[in-house]
Visitor: 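Just dropping this structure here.
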Amino acid sequence: MSLLLDTHVVLWGLAGAPELSDDFLDRLRHDPDIFLSPVTVWEITIKQAAGKLGGPPDLPERVRDMGFLELPVAHVHAITAGRLPMHHRDPFDRMLVAQAVVEKLTLATRDPEIQRYDVDTLAV
């Protein structure tokens, strides 16, 4: 199963946080079918600029350079995100859901609102 990572999962993975199991952290290090959306890097950059997320100034670059496959944002993703039910108001999460749906990826997340959508999820 190919994964798309939610932003909090990426941040936990970078930090080796205890929220993620050792098996999942190992998968992040070795599975070649893990995708990262530029939406995640954008969200981190925006939240740092707004003072809502700490970390080093180069955190977005560190996340970008983690070695995951890049999943570019396409028009079909934007249309799908805009047409999703309003279970979740966060535009970053809505785009990740849309990308996972369109690309038939499993979205790795702990966000219960995301799990309300008709999208394959992996609860981490």
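Positions are given from 1, in the same order as the sequence printed here.
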Visitor: With sequence neighbours left out, write down each residue that passes side chain to side chain contact (heavy atoms under 4.5 Å, CB included) with Ile46, or none if nothing qualifies.
Guide: Trp42, Phe92

Visitor: Can you tell me how far the CG atom of Leu28 sits from the CG atom of Leu3, to the nearest 0.5 Å?
Guide: 8.0 Å

Visitor: Which heavy-atom pair separates Val124 from Ala108 by the least distance, and what is that distance?
Guide: CG1-CB, 4.3 Å

Visitor: Would you call Asp120 and Met1 a side-chain contact if the rule is heavy atoms closer than 4.5 Å?
Guide: no

Visitor: Does Val76 belong to the same Ile/Leu/Val/Met/Phe/Trp/Tyr cluster as Leu84, with side-chain heavy atoms less than 4.5 Å apart forming each link?
Guide: no

Visitor: Looking at side-chain heavy atoms only, is the closest gap between Ile114 and His88 below 4.5 Å?
Guide: yes

Visitor: Linking I/L/V/M/F/W/Y whenever any side-chain heavy atoms sit under 4.5 Å apart, do Leu53 and Leu20 land together?
Guide: yes

Visitor: Please, which pairs that meet side chain to side chain donor-acceptor pair (under 3.5 Å) have at least one residue in residues 45-59, sequence neighbours excluded?
Guide: Glu43-Lys47, Asp58-Arg62

Visitor: Answer yes or no: is there a donor N or O on one side and an acceptor on the other, between the side chain of Thr109 and the main chain of Asp111, under 3.5 Å?
Guide: yes

Visitor: Less than 4.5 Å apart, any side-chain heavy atom of Phe35 and any of Leu5?
Guide: no

Visitor: Side chain of His8, backbone of Arg110: donor and acceptor closer than 3.5 Å?
Guide: yes

Visitor: Indicate, with yes or no, if Ile79 and Val102 share a hydrophobic cluster defined by side-chain heavy-atom contacts under 4.5 Å among Ile, Leu, Val, Met, Phe, Trp and Tyr.
Guide: no

Visitor: Determine, stepwise, if the pair Asp6 / Thr40 fulfils side chain to side chain contact (heavy atoms under 4.5 Å, CB included).
Guide: CA-CA 7 Å; Asp6 197 352; Thr40 294; 5.9 Å; no

Visitor: Less than 4.5 Å apart, any side-chain heavy atom of Leu107 and any of Val97?
Guide: yes

Visitor: What about Leu69 and Leu14, same hydrophobic cluster or not, with Ile/Leu/Val/Met/Phe/Trp/Tyr joined at side-chain heavy-atom distances under 4.5 Å?
Guide: no

Visitor: Could you check whether any side-chain heavy atom of Asp22 comes within less than 4.5 Å of a side-chain heavy atom of Asp26, counting everything from C-beta outward?
Guide: no

Visitor: Should the pair Glu61-Arg64 be classified as a salt bridge under the 4.0 Å nitrogen-to-oxygen rule?
Guide: no

Visitor: Can you find a heavy atom in the side chain of Val41 that is under 4.5 Å from one in the side chain of Leu36?
Guide: yes

Visitor: I'd like to check Thr106 versus Ser2 (side-chain heavy atoms, cut-off strictly below 4.5 Å). Are they in contact?
Guide: no

Visitor: Walk me through it: do Val73 and Gln99 pass the test side chain to side chain contact (heavy atoms under 4.5 Å, CB included)?
Guide: CA-CA 8 Å; Val73 177; Gln99 287 187 292; 3.8 Å; yes

Visitor: Under 3.5 Å, is there a donor-acceptor pair between the side chain of Arg94 and the main chain of Pro85?
Guide: yes

Visitor: Measure across Pro60 and Ile44 and return the closest heavy-atom pair with its distance rounded to 0.1 Å.
Guide: CG-CG2, 4.1 Å

Visitor: Return the CG to CE distance between Asp90 and Met95, rounded to the nearest 0.5 Å.
Guide: 11.5 Å

Visitor: Hey, any chance Val39 and Val10 share a hydrophobic cluster, counting ILVMFWY side chains that come within less than 4.5 Å of each other, even indirectly?
Guide: no

Visitor: May I ask you to check whether Glu103 and His77 show a side-chain donor-acceptor distance below 3.5 Å?
Guide: yes

Visitor: Evaluate Thr121 against Val119 for side chain to side chain contact (heavy atoms under 4.5 Å, CB included), listing each step before the verdict.
Guide: CA-CA 6 Å; Thr121 59; Val119 61; 3.8 Å; yes

Visitor: Could you measure the distance from the CG atom of Leu4 to the CG atom of Leu122? Nearest 0.5 Å is fine.
Guide: 11.5 Å

Visitor: For atom CG of Asp65, is the number of surrounding heavy atoms from other residues, nucleotides or ligands below 6.0 Å larger than 12?
Guide: yes

Visitor: Checking Tyr117 side chain against Ala98 main chain: does a donor-acceptor pair fall under 3.5 Å?
Guide: no

